[in-house]
**Q** 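Mind looking over this structure? Questions follow.
As the structure lists them, so they are numbered: ligands from 1, and atoms in each ligand from 1.
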Amino acid sequence: MKQVKELLQEMTLEEKANLCSGEDFWHTKAVERLEIPQVMVCDGPNGLRKQDDKADHMGINESIKAVCFPTSSAVAASFDRELAYHIGEVLGKECQAENISMLLGPGMNIKRSPLCGRNFEYYSKDPYLSGEMGTSYIKGIQSKKVGACVKHFAANNQETQRMNGNSVMDERTLHEIYLSGFKKAVCEAKPTGVMCAYNKINGTYAAENKELLTDVLRNAWGYEGFVVTDWGAVKDRVKGLEAGLDLEMPGSDSSKVNDRKIIKAVQEGRLSIEQLDRVAGNILKFVKNAVENKDGSAQFDLDADYKEAVEAAKECAVLLQNNYDVLPLKSDAKTAFIGGFIEKPRSQGSGSSHINSNFVPSIQEIIRDNDNIIYAKGFDLDSEENDETLIHEAVTYAKASDYAVIFAGLPNRYESEGVDRKHLNIPKNQNILISEVTKVQPNTIVVLFNGSPVEMPWKDDVAGILEMYLCGDGVSEAVMALLYGEANPSGKLAETFPIKLEDNPSYLNFPGENGTVEYHEGIFVGYRYYDKKQMDVLFPFGHGLSYTTFAYSDLHVSKEKLTETENVEVSITVTNTGSVFGKEVVQLYVGEKGSKVRRPEKELKRFEKVGLNPGENKTIIFTLDASDFAYYETRIHDFYTNSGEYEIYVGSSSRDIREQISLTIKAKKELPITISRETILGELMKSPGAQEIFSQIKLKTEMENADTDVDAMGEGSREMAEAMMVEMPLGSLVSFGLMSDEQLEGLIQMLSYSNDK
Ligand code: BGC
């Protein structure tokens with residue numbers, strides 16, 4: 001293919017405009033005259049959904065046989081960057097073999113509410129963790145010279161009114177929570193594509209949002225790839241193009257009409273040819289890279305990749321509860337396996353990410369030869385109603401066994417793209433079954449299959465809980481290995497499991513009304529909220545047990561005072577104090593003490609997964625700089641680190657902090673104070689320049705005199721007066737007769753000048 005610049009010189013206006021939309025559901029357009037081929041994209045993120053024949057939106061028509069890997073909520077629970085990278089690598093190789101130039105994933109939206117129907121496709125409630133996992137996954141795919149496409153940019157956190165809802169939030173929340181994972185992925189992994197979301201953000205559709213697509217994505221983050229619509233997200237094509245949108249997908253009759261609108265806009269002088277060249281150039285660059293990076297030798301080995309999926313699934317499971325070490329199961333103990341999921345384990349979610357799995361053995365198939373396991377169905381997966389006969393059989397089997405393992409969770413109909421959940425319950429018949437079994441069998445273990453949190457009314461009655469999430473085609477093999485201790489659980493929750501739905505910070509504002517959802521909880525999403533309010537939760541963010549135990553010791557910082565240009569090394573030693581090999585996710589959180597701005601108690605800033613043999617220890621060194629302690633400051637429209645005292649917490653979960661240490665930070669520059677009649681004295685007096693001016697104009701003495709007058713107002717009145725002074729706007733100095741209007745104007749000028757210096 002010729003150089004992009006050359007092609008742009010040779011292309012007609014019509015050819016350029018036509019290139020701005022797809023040929024069909026999955027292909028870009030070819031321009032035969034100039035030997036520009038079409039290239040294909042397909043859905044991910046947890047496998048290849050490549051539709052060969054009839055293409056459609058919601059996975060109704062079959063796609064090719066492929067391997068389903070753990071969905072993103074499961075991958076996030078692994079807290080394992082290498083795993084995310086490796087899954088990306090495998091998928092990249094599969095794409096090469098199937099002639100796919102870009103995989104539509106990862107989904108990087110924040111799981112604001114546990115009700116979002118698509119949560120299984122997203123990583124976490126925490127932007128740092130989402131950013132880390134997404135970045136690794138993208139790097140993995142792109143290491144095979146195939147593009148990844150982060151989606152859905154941005155603030156697409158629910159399925160209710162998913163195509164036209166308006167996500168309304170303040171600037172700080174947008175940047176600190178909803179954009180920062182995308183930022184990391186874009187800046188560090190440089191994805192080939194960014195898919196803009198369907199929804200509006202603060203009133204403007206993502207597909208037409210210049211602030212997002214140009215000011216933030218390209219100008220602030222330096223993005224050089226191309227922006228594709230979510231499928232069917234275009235409203236006003238020309239407006240979108242001007243805002244920074246490149247490719248419209250899918251290709252359809254309506255997209256052809258839009259191509260013509262682009263031509264007309266250029267002809268009428270409403271759109272410059274330079275703007276169209278920029279868009280066509282971005283698309284050509286994608287096509288050219290795809291063509292030049294084609295690896296003809298790549299092969300898609302379904303069997304080998306299935307084995308990879310089994311190994312991946314083992315890394316994602318989270319051992320939520322293990323009273324008196326009920327797990328792992330003893331292989332010679334009589335065990336009742338109960339539940340409809342034994343025949344049909346749930347491995348993935350529904351919608352556009354749905355994979356046509358080649359091979360998903362049932363748990364029943366895996367346990368076939370084990371005489372110590374007896375199987376009872378317990379409940380019907382397709383129904384909510386109790387079946388007394390099934391319960392009776394399950395209870396009888398459980399009573400006659402040493403253990404009962406109940407495979408429970410959310411059936412397919414509960415979790416899907418396109419619909420939000422209405423509650424956090426698992427079906428009623430499953431809850432009843434669990435409670436009946438626990439009455440006869442204290443060694444009851446619940447294994448859960450679900451993409452997002454569920455309520456567990458039986459938590460205190462069961463001995464063990466193993467959260468499998470939706471962990472792909474390897475689910476049955478992985479669950480058996482984990483239950484019997486051939487693999488040791490090492491996942492941690494990438495989200496908080498609340499006790500009940502009503503505890504969730506978004507509860508009162510989800511899914512919104514009349515097409516608008518207001519993110520009133522602001523930055524307090526997930527553990528940021530539960531910790532601030534000191535609430536009890538079912539299981540906290542970062543929680544996950546192991547068949548071994550870990551001790552933490554020797555937390556050190558390389559310096560106790562940090563300036564904005566320096567790094568600090570934080571070291572911690574972790575020891576496996578149990579008797580089997582295990583992996584621990586060491587988590588580092590930071591929190592500002594006595595902050596002047598509203599901040600969470602602590603925020604995840606680093607983590608590392610380490611594998612240790614019994615008795616083995618390892619010292620982990622985390623390197624932080626001042627930006628790791630920053631928040632988004634709306635006065636400067638950027639991240640900012642306050643000078644002050646911070647705490648570094650290191651532990652095994654957000655609520656199991658093992659060691660902590662303090663650190664002082666000196667910011668390079670104090671925040672500018674905007675000086676006007678509205679500026680309060682307390683704010684102003686923090687600036688040394690202002691203090692100097694105040695003393696020069698002898699205002700201080702007058703204020704002191706004013707203070708003495710209020711002694712008559714009773715005990716503590718001096719303190720009260722001082723407090724009132726702190727809150728007094730400059731303008732009030734005139735109202736209280738402390739200076740004239742002219743003097744105040746002069747003072748404001750002097751203060752503004754000294755503040756700018
Ligand atoms: C989904 C995207 C998906 C696209 C193509 C849309 O409805 O939101 O995530 O990649 O369809 O199937």
**Q** Cut-off 3.5 Å, side chains only: do R346 and N412 have a donor facing an acceptor?
**A** yes

**Q** Is K184 salt-bridged to E132, cutoff N-O under 4.0 Å?
**A** yes

**Q** For E82, look at atom CD and say whether over 12 heavy atoms of other residues, nucleotides or ligands are found less than 6.0 Å away.
**A** no

**Q** May I ask whether H354 has any heavy atom positioned less than 4.0 angstrom from an atom of ligand 1?
**A** no

**Q** Is K93 paired with D295 through a side-chain N to carboxylate O contact shorter than 4.0 Å?
**A** no

**Q** Heavy-atom distances under 4.0 Å are what count here, so tell me which part of E121 touches ligand 1: side chain, backbone, both or neither.
**A** neither

**Q** Going by an N to O cut-off under 4.0 Å, is there a salt bridge joining R118 and E417?
**A** yes

**Q** Compute the minimum heavy-atom distance from F25 to ligand 1 and say whether it is under 4.0 Å.
**A** no

**Q** Which of the atoms of ligand 1 are close to K151, meaning less than 4.0 Å from one of its heavy atoms?
**A** 2 (C), 3 (C), 9 (O), 10 (O)

**Q** What are the atoms of ligand 1, with element, lying closer than 4.0 Å to any heavy atom of R49?
**A** 12 (O)

**Q** Residues in side chain to side chain contact (heavy atoms under 4.5 Å, CB included) with V168, at least two apart?
**A** N166, N202, T516, E518

**Q** Pull out every atom of ligand 1 sitting under 4.0 Å from any heavy atom of H152, numbered as shown with elements.
**A** 2 (C), 8 (O), 9 (O)

**Q** Hey, is M195 touching ligand 1 through its side chain, its backbone, both or neither, going by heavy atoms under 4.0 Å?
**A** side chain

**Q** Return the option from L103, T229, D43 holding the heavy atom at the smallest distance from atom 3 (C) of ligand 1.
**A** D43

**Q** For ligand 1, which atoms have a heavy atom of Y198 less than 4.0 angstrom away?
**A** 6 (C), 7 (O), 8 (O)

**Q** Report the part of W26 (side chain from C-beta onward, or backbone N, CA, C, O) that has a heavy atom under 4.0 Å from ligand 1; answer both or neither where that applies.
**A** side chain

**Q** State whether a side-chain donor-acceptor pair under 3.5 Å links S353 with Q348.
**A** no

**Q** Is D259 salt-bridged to K29, cutoff N-O under 4.0 Å?
**A** yes

**Q** For ligand 1, which atoms have a heavy atom of L104 less than 4.0 angstrom away?
**A** 10 (O)

